[in-house]
Amino acid sequence: MKKSLVIGDLAASIPVIQGGMGVGVSLSRLAGNVAKCGGIGIISTAQIGYQEPGFDKHPIETNLKAVAKHIQRAKEIAKGGIVGVNIMVATKRYEEYVRAAVKAGADLIISGAGLPTMLPTLVEKSKTKIAPVVSTIKSASVICKLWDRKFKRCPDLVVIEGPKAGGHLGFTYEELESITQEGYEEEIKGILDVTGQYGEKYGRHIPVVIAGGIYDGEDMRHAMGLGADGVQVATRFVTTYECDASKAYKQAYLDAKREDIKIVKSPVGMPGRAIRNKFTERGVEERASSWKCHQCLERCNQKDIPYCITDALIHAVTGKLDQGLVFCGENAWRAEKLEHVSEVMEEFAQACPEV
Ligand SMILES: Cc1cc2nc3c(=O)[nH]c(=O)nc-3n(C[C@H](O)[C@H](O)[C@H](O)COP(=O)(O)O)c2cc1C
């Protein structure tokens, strides 16, 4: 029998979580289809309502309504499959997004881009499972210790996101230059030790998934060989027919060569990975200097930043690539053709180790 991914009373028959991708790259269509095929589909709440009327005037209120709409839609597509959301801790009014997702019946909340210190209180008395995203032994220890001390609980799942991931990254520029594959695998083993210890304390197994650079069945087998219970995969799903991004966005992945994938400085100071294009090559002074704030990230200060990350990501996802930031993982250059989610999931199902 093939391994499944069990998170409390949730069981995914294929141990693949589709990683949340903002802005608008993983909405209900992608997440619903992954869930329908036996994986876990994750909707990103980052500016989730960008296509809705009212977004320009009241972005947060519009987003909160869209959270419920996309969870419901994804569940309809999934026909009983597992649907969760990715909510970045750095999101402005983070707590309200969490509460909206819980109210809408999200099965799982994954939170990175900061440590979700207060997440347990926000999901109290609900069935929604919670998972922090960590990149180091230190961050895994800090969050497990804090939840243990303050809330007398452990995570339902831990996502280890490595340096090959897409979007904003949990590493400094220097770390990204110096980390080797072997070195990071030592870090993974250390994080597994931490989750093992807390699992033992709470008399249960804390499942762990590895994310970042997992593109095919072979990559999945390798990750699970390190002791993970499953994988979180994002980049591979961008070039599916069901992905919620525009055709032009997917084409940028298909056209990208290895040397086109680069680390960029996001306006909010974090490093991110994106496909080199006219936008990334443009000088700061050539980028739009005035814009309306869309209330996305807590730490963003409009007067200090070179461009608006929401505008850049909306341009990308809607196909205005010359003005858009196309986030991607290190392996985006491996995309050769559009595929159906069912084909990708079948490949992972075949590669999944036996129990
Ligand atoms: C286009 C894109 C957008 C992403 N957006 C987010 C996001 O909004 N929040 C987040 O926590 N992670 C985000 N990620 C990270 C993914 O959820 C995932 O963990 C990571 O990319 C996995 O590596 P892979 O892309 O190599 O499979 C994004 C990744 C990509 C490729």
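Order of appearance sets the numbers: ligands from 1, and atoms from 1 within every ligand. All values reported here derive from a predicted model rather than from experimental measurement.
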- Apply the test salt bridge (charged side-chain N to carboxylate O under 4.0 Å, His left out) to residues K262 and E281: give CA-CA distance (whole Å), side-chain angles for both, the deciding distance (0.1 Å), then the verdict. CA-CA 11 Å; K262 51 181 269 180; E281 296 305 288; 3.0 Å; yes
- Task: Begin from the C-alpha positions of R236 and Q18 and carry the test side chain to side chain contact (heavy atoms under 4.5 Å, CB included) through to its verdict.
- Result: CA-CA 9 Å; R236 175 73 185 264; Q18 160 258 310; over 6 Å; no
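Nearest to atom 9 (N) of ligand 1 among the protein's heavy atoms is N86 OD1, 3.3 Å. Of the protein's heavy atoms, G212 N, 3.6 Å lies nearest to atom 22 (C) of ligand 1. Protein heavy atom at the shortest distance from atom 19 (O) of ligand 1 is E161 OE2, 2.6 Å. Closest protein heavy atom to atom 15 (C) of ligand 1: G166 O, 3.4 Å. Among all non-hydrogen protein atoms, the one lying nearest atom 30 (C) of ligand 1 is M21 CG, 3.6 Å. Nearest non-hydrogen protein atom to atom 12 (N) of ligand 1 is G20 O, 3.6 Å. Protein heavy atom nearest atom 27 (O) of ligand 1, with residue, atom name and distance: A234 N, 2.8 Å. Among all non-hydrogen protein atoms, the one lying nearest atom 20 (C) of ligand 1 is A165 CB, 3.6 Å.
A side-chain contact (heavy atoms from CB on, under 4.5 Å) with T235 is found for exactly one of F327, Y253, W333, namely Y253.
If you look at T235 next to ligand 1, the close heavy atoms, those under 4.0 Å, come from the backbone and the side chain alike. Neither the backbone nor the side chain of F237 has a heavy atom within less than 4.0 Å of ligand 1. Of all the heavy atoms of H168, none lies under 4.0 Å from any atom of ligand 1, so neither backbone nor side chain is involved.
Set against the non-hydrogen atoms of V233, the atoms of ligand 1 under 4.0 Å away are 27 (O).
Not a single N or O atom of Y249, backbone or side chain, sits closer than 3.5 Å to an N or O atom of ligand 1.
When the heavy atoms of S44, G22, G167 are ranked by distance to atom 5 (N) of ligand 1, first place goes to G22.
The shell of residues lying under 4.0 angstrom from ligand 1, judged by heavy atoms, includes G213. Assignment of N331 to the shell around ligand 1 is not supported, since no heavy atom sits closer than 4.0 Å.
Salt bridge status for D322 with R282: absent, with no side-chain N to carboxylate O gap under 4.0 Å.
Remark: Y184 engages F171 in a ring-ring contact (aromatic ring centres under 6.0 Å, His included) (not counting sequence neighbours).
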